[in-house]
There are 2 protein chains.
Amino acid sequence: MPKTAPCCPPAEPTPPVPADESEANEVLARLAKALAHPARVAILRLLVRHEGCIVGDIVDELPLAQSTVSQHLKQLKAAGLIRGEVDGPRVCYCVEPGAVALFKALVEGL
Amino acid sequence: MPKTAPCCPPAEPTPPVPADESEANEVLARLAKALAHPARVAILRLLVRHEGCIVGDIVDELPLAQSTVSQHLKQLKAAGLIRGEVDGPRVCYCVEPGAVALFKALVEGL
DNA sequence: CAGGTTTATCGTAAATCGACGATTGACGCT
DNA sequence: AGCGTCAATCGTCGATTTACGATAAACCTG
C-alpha cells in the first residue's frame, strides 16, 4: 500500500448560487474577502497547481513567517475554500473545488 | 437634445491579465478586497443593472448612511471598478467594464 | 521515553476597516 | 446674492487585519 495522499478525499459537491440576491452578495463578499490578500491568492494557486495536498512547503514558498502563513490558511479554511487534514505530524491542505467553482460562478454572474 | 447620460462615456479597454504571477496575485487581491463587503457587491450590481449611471439613489437602496455609502464608492473607485463623474449638483457613477472583465478573467484563471 | 519536527495558538503592536454624525464644498434655482 | 440639495470629507469610535515571536500541542523516530 503506497503512502499516497491521505488528503483531499471526499470532494464536496458544488454549492448552488443562492437565489436571494442579498444572500449571494454576502457569500460573494465572504469569498472575496478570503482572497483579498496576495498571500492567500498565492496559497490557493499553489494548492490548485499541486492539485491535491501540500504541507508547510507553503511556508517555504512565501516570504512570511510560519505563524502568519498558518493564519492565512485558517482564513481560507474558514471561508471554505480549502480543507486541511492531519497526516501524522504534518497537515495536508487541499482545495475545495466546489467552493472555488461557486466563487467563479458568483463572479461570473456580476 | 435630450438630457441623456452625461456619464459613462469612454469605456476603457480591458487591461490584460498580468503575465507575472505574483503581480496577478496582487491585482486579484486588490479587486477582491474591493468586493470583500456585501454593500460594495450590492453597489456594483446596482450599477451593472442600470448599466450606466445612477446617483445617490444608491443611498436609498442601502440601509447605510450617506457618508458610509460614499466611503464604499470611494473604495470601489480606488480599485478602478467604477468611475464617477460630476453632473451638476449630483454625481454619476458607472461601472468600468474593463476592470470587471479583468476581475472575471483573473478569477477564472484560478 | 526523550528529542526533533511540524503546525496551531497566544499575545502583542501597528495599520486598516466600517460605520456614523457633522461639516464643508459644489451646484442649480429663484 | 442667498437657499436648498447632493455628495465628499473630517473626526471619531470600536472592531478587524496583518505580521511577528514565543509558546504549546501532536506526532514520528531512535
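Atom pair B:D87:CG and D:dT5:P shows a separation of 18 Å (rounding to whole Å applied). Across the protein-nucleic acid pair, B:E85 atom CD and D:dA7 atom C1' stand 15 Å apart, rounded to whole Å. Atom NZ of A:K74 and atom P of D:dT16 are 14 Å apart (whole Å). Atom CD1 of B:I82 is separated from atom C1' of D:dA8 by 13 Å (rounded to the nearest Å). Going from atom CD1 of A:I54 over to atom C1' of C:dT7 covers 16 Å, rounded to whole Å. Atom-to-atom, CD1 of A:I43 to P of D:dT18 comes out at 11 Å; the value is rounded to the nearest Å. Distance CZ (A:R40) to P (D:dA19): 8 Å, rounded to an integer number of Å. Between the CZ atom of B:R30 and the C1' atom of C:dT16 there is a distance of 17 Å, rounded to whole Å.
Partner of B:V95 under the side chain to side chain contact (heavy atoms under 4.5 Å, CB included) criterion, chosen from B:L76, B:L81, B:V48: B:V48.
Of the side-chain N and O atoms in B:H72, none sit less than 4.0 angstrom from OP1 or OP2 of C:dC17. Contact check, A:S70 against C:dA8: a side-chain N or O comes under 4.0 Å of OP1 or OP2. Taking side-chain N and O atoms only, B:Q75 has a distance below 4.0 Å to OP1 or OP2 of C:dG18. OP1 or OP2 of C:dA8 has at least one side-chain nitrogen or oxygen of A:Y93 nearer than 4.0 Å. Distances shorter than 4.0 Å separate some side-chain N or O of B:T68 from OP1 or OP2 on C:dC20.
Looking at B:Q71, its side chain has no donor and acceptor atom pair within 3.5 Å of the base of D:dA8.
Within the nucleic acid shown, A:K33 comes within 4.0 Å of sugar-phosphate atoms alone, with no base atom in reach, counting heavy atoms only.
For the pair A:A36 and A:Q66, nearest-nucleotide mapping onto DNA chain D gives the more 5' position to A:A36. Each of A:H37 and B:G56 lies near DNA chain D, and the nucleotide nearest B:G56 is the one positioned closer to the 5' end.
Comparing atom distances between the A:L64 side chain and each of C:dA19, D:dA19, D:dT18 picks out D:dA19 as nearest. Listed nucleotides C:dT9, C:dT7, C:dT16 differ in distance to A:S67; the shortest reach to its side chain belongs to C:dT9. Proximity note for A:R90 (side chain, C-beta onward) versus C:dA8, C:dT7, D:dA7: the nearest is C:dT7.
The closest donor-acceptor contact from the side chain of B:R40 to the backbone of B:A34 lies under 3.5 Å. Formation of a donor-acceptor pair under 3.5 Å by the A:R30 side chain with backbone atoms of A:A78 is not found in this model.
B:L110 has its side chain within reach of A:R45: a pair of non-hydrogen atoms, C-beta onward, lies under 4.5 Å apart.
Taking the six-membered ring where tryptophan is involved, the planes of B:H37 and B:H72 are tilted, since the angle between them lies from 30° to 60°.
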